[in-house]
Amino acid sequence: MARGETLQPGVGGREVWSWAMYDFANSGYTTVVLTTVFNAYFVGVVAAGRHWGTLALTLALSLSYLAVMLSMPGLGAHADARAAKRRLLFTSTAGCIAGTVLLATVGPGDVVWGLLCLALSNYCYCVGESAVASFLPGLARTESLGRVSGWGWSFGYCGGMLALGLALWIATSGEARGAAAEDYVPWVMLSTATLFALAAIPSMLWLRERAAPGDGRASSALFADLRRAWRETRLDFPDFRRLLLCIACYQAGITVVITLAAVYATEVMGFQMQQTMLLVFLVNIAAALGAFAFGYAQDRVGHKRALAVTLVGWLLMVALAVAAEDVRTFWAAAALAGLCMGTSQSAGRAMVGVLAPTRRPAEFYALWSFAVQLAAVVGPLCYGLVVWVTGGNHRLGLLVTGVFFVAGLVVLAGLDFQRGLRSREAAGSP
């Protein structure tokens, strides 16, 4: 589609590319730190494989997500009122990069220090993810939000693959020299932080702040912001509120897959770290293709229908992974997870952009972040508790995860998208 039919007036290709480069930059953090290397390293090496290692990991992440839930609505309202989205993006990026560097100092037995560094870096990552998402409605026209969001997600998975490729090279070289995980994992963390810093430079240079100070509402006390925003969605934006509930449901399941895929592959399927990295490569390739292609399909068939298809795909993935006894079936489940991951995450971000009031993007994307972080608290924590209570039954933990996708479908069924659009238009009227 022609640029003029896709992008907002005054938006150029370089700015959209710089926005997508942030997805490229921060995906290395999730792919290497949360999905593949550090989580498995923490459970297997730092916590020495003890049963409570998975629960400790999920608790630390849940606390960081809880901190984001409580602070992000206020930060978003402040960014809108002060036209400070770029500043919020810069500071959160610097914090995540610094936290990732600190992860390089975590060795065997450094349980508390490792959890603190992980929580810090993850908090900053989540704030940055919400901040960069709030730029989307200012870049793309409403009818093109799906495809532009898909561009970013697909580009992001390419960044994740590059970071994972560097990690695989470092790990393979280290093991060839007889090095243990505690010797080469710190170098993996440093390479991930470096790639994040370099790839984020275009966003810091060319992503423009289009809002004027005073466009949004001034931030008030922390809990007052939360109460006001949640009450307002009930009164004025009921379908946006239902969308948030739907996102909270299905993101709980997605966060389990992102956070614990490597742990599941290691503990259930007996994968070694190199096999796990190759598995995540497959997931990222499928996710990149899914996000890119599905963004166009989403704009054509409708946001609600597109998201429903991806949630059904997630249920099929859970069934395959739980039933997998051989490696081939598990790889098929991983490929399906990648397709569903790219499409569902991109679809949710685009739907928020469609239904959010045009003058308050950062505040309403902060509510999206609140829903995502709520899911991130509940999902992995439920998985960790099930595994702990059952003495290490990861299959049952994954099976319980399927309930979140069922709940997402149920909530989505009641969403009236056209009514949500009317509420958005009314909010933008004088």
Side-chain angles (χ1 to χ4, degrees), residues 18-43 45-46 57 60-61 64-65 67-68 86-108 110-132 152 155-174 179-205 207 258-259 262 273 276-277 280-281 284 376:
S18 68
W19 175 79
M21 273 300 295
Y22 195 84
D23 278 349
F24 184 96
N26 72 357
S27 289
Y29 173 82
T30 55
T31 303
V32 175
V33 176
L34 299 182
T35 304
T36 313
V37 178
F38 189 81
N39 55 355
Y41 171 73
F42 178 85
V43 173
V45 177
V46 179
L57 177 75
L61 290 173
S64 68
Y65 293 130
V68 176
R86 277 175 51 88
R87 188 184 310 156
L88 182 62
L89 183 63
F90 178 82
T91 54
S92 60
T93 300
C96 187
I97 292 169
T100 307
V101 170
L102 290 176
L103 289 175
T105 66
V106 178
D110 296 334
V111 174
V112 176
W113 175 241
L115 294 176
L116 286 173
C117 295
L118 180 64
L120 169 65
S121 62
N122 189 58
Y123 173 83
C124 294
Y125 162 79
C126 293
V127 172
E129 183 183 37
S130 177
V132 78
F155 204 34
Y157 288 115
C158 294
M161 284 186 283
L162 176 58
L164 189 59
L166 290 172
L168 181 59
W169 175 72
I170 292 171
T172 302
S173 301
E182 54 266 31
D183 298 319
Y184 62 76
V185 166
W187 292 104
V188 171
M189 296 298 104
L190 291 175
S191 71
T192 303
T194 302
L195 180 61
F196 193 165
L198 293 175
I201 290 175
S203 304
M204 305 306 158
L205 292 177
L207 196 55
I258 292 174
T259 308
M273 184 167 287
T276 302
M277 288 185 182
V280 176
F281 258 116
N284 275 267

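Both backbone and side-chain heavy atoms feed into the values below; hydrogens, waters and symmetry mates do not. Positions are given from 1 along the sequence. Treat the numbers as computed from the prediction; the structure is a model and nothing was measured.
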**Report entry** All pairs passing side-chain hydrogen bond (donor to acceptor under 3.5 Å, both in side chains) where residues 183-197 contributes a residue, at least two apart
**Finding:** Glu175-Tyr184

Report summary line: Output for pair (Met21 CE, Leu198 CG), nearest 0.5 Å, gives 9.0 Å

Query raised in the report: Do you know the tightest heavy-atom contact between Phe281 and Leu164?
Result: N-CD2, 3.7 Å

Report task. Could you tell me which residues satisfy side-chain contact (heavy atoms from CB on, under 4.5 Å) with Thr105, sequence neighbours excluded, listed by chain and number? Result -> Trp113

Query - Nearest heavy atoms of Pro186 and Ala104, plus distance in Å - result: CB-O, 3.2 Å

Query raised in the report: Closest heavy-atom contact between Ser18 and Ser203?
Result: O-OG, 2.5 Å

Requested in this report: Answer yes or no: is there a side-chain heavy-atom contact under 4.5 Å between Leu89 and Leu207?
Outcome: yes

Requested in this report: Among residues two or more places apart or on two chains, list those pairs meeting side-chain hydrogen bond (donor to acceptor under 3.5 Å, both in side chains) that have a residue in residues 87-98.
Outcome: Tyr22-Thr93

Query raised in the report: Is there a donor-acceptor contact under 3.5 Å from the side chain of Ser64 to the main chain of Leu61?
Result: yes

Query raised in the report: Do Met189 and Val37 have side-chain heavy atoms sitting under 4.5 Å apart?
Result: yes

Requested in this report: Taking the side chain as every heavy atom from C-beta outward, state whether Val32 and Leu166 have any atom pair closer than 4.5 Å.
Outcome: no

Requested in this report: Looking only at non-hydrogen atoms, find the nearest pair between Ala199 and Pro202 and report the distance.
Outcome: O-CD, 3.2 Å

Query - Tyr29 vs Phe196, ring pair (Phe, Tyr, Trp, His ring centres under 6.0 Å): CA-CA, chis, key distance, verdict - result: CA-CA 7 Å; Tyr29 173 82; Phe196 193 165; 7.1 Å; no

Requested in this report: Walk me through it: do Val33 and Tyr125 pass the test side-chain contact (heavy atoms from CB on, under 4.5 Å)?
Outcome: CA-CA 11 Å; Val33 176; Tyr125 162 79; over 6 Å; no

Requested in this report: Of all the heavy-atom pairs spanning Cys96 and Ser121, show the shortest one and how long it is.
Outcome: SG-O, 3.5 Å

Report summary line: Shortest non-hydrogen pair, Arg86 vs Met204, comes out as NH2-O, 3.0 Å

**Report entry** Pairing residues for Val111 by the side-chain contact (heavy atoms from CB on, under 4.5 Å) criterion, not counting sequence neighbours
**Finding:** Phe42, Val46, Trp52, Leu115

Report task. Please check if the side chain of Thr30 supplies one atom and the backbone of Ser27 the other of a donor-acceptor pair under 3.5 Å. Result -> yes

Report task. Identify, with sequence neighbours excluded, every residue that meets ring-ring contact (aromatic ring centres under 6.0 Å, His included) alongside Phe24. Result -> Phe155

**Report entry** Pairs satisfying side-chain hydrogen bond (donor to acceptor under 3.5 Å, both in side chains), at least one member in residues 34-43, at least two apart
**Finding:** none

**Report entry** Test item: Leu120 and Leu116 side chains (from C-beta on) under 4.5 Å apart, heavy atoms
**Finding:** no

Requested in this report: Mind checking the CG-CG spacing from Leu195 to Leu190? Nearest 0.5 Å is all I need.
Outcome: 12.5 Å

Requested in this report: For residues Leu103 and Val185, determine if any side-chain heavy atom of one lies less than 4.5 Å from a side-chain heavy atom of the other.
Outcome: no

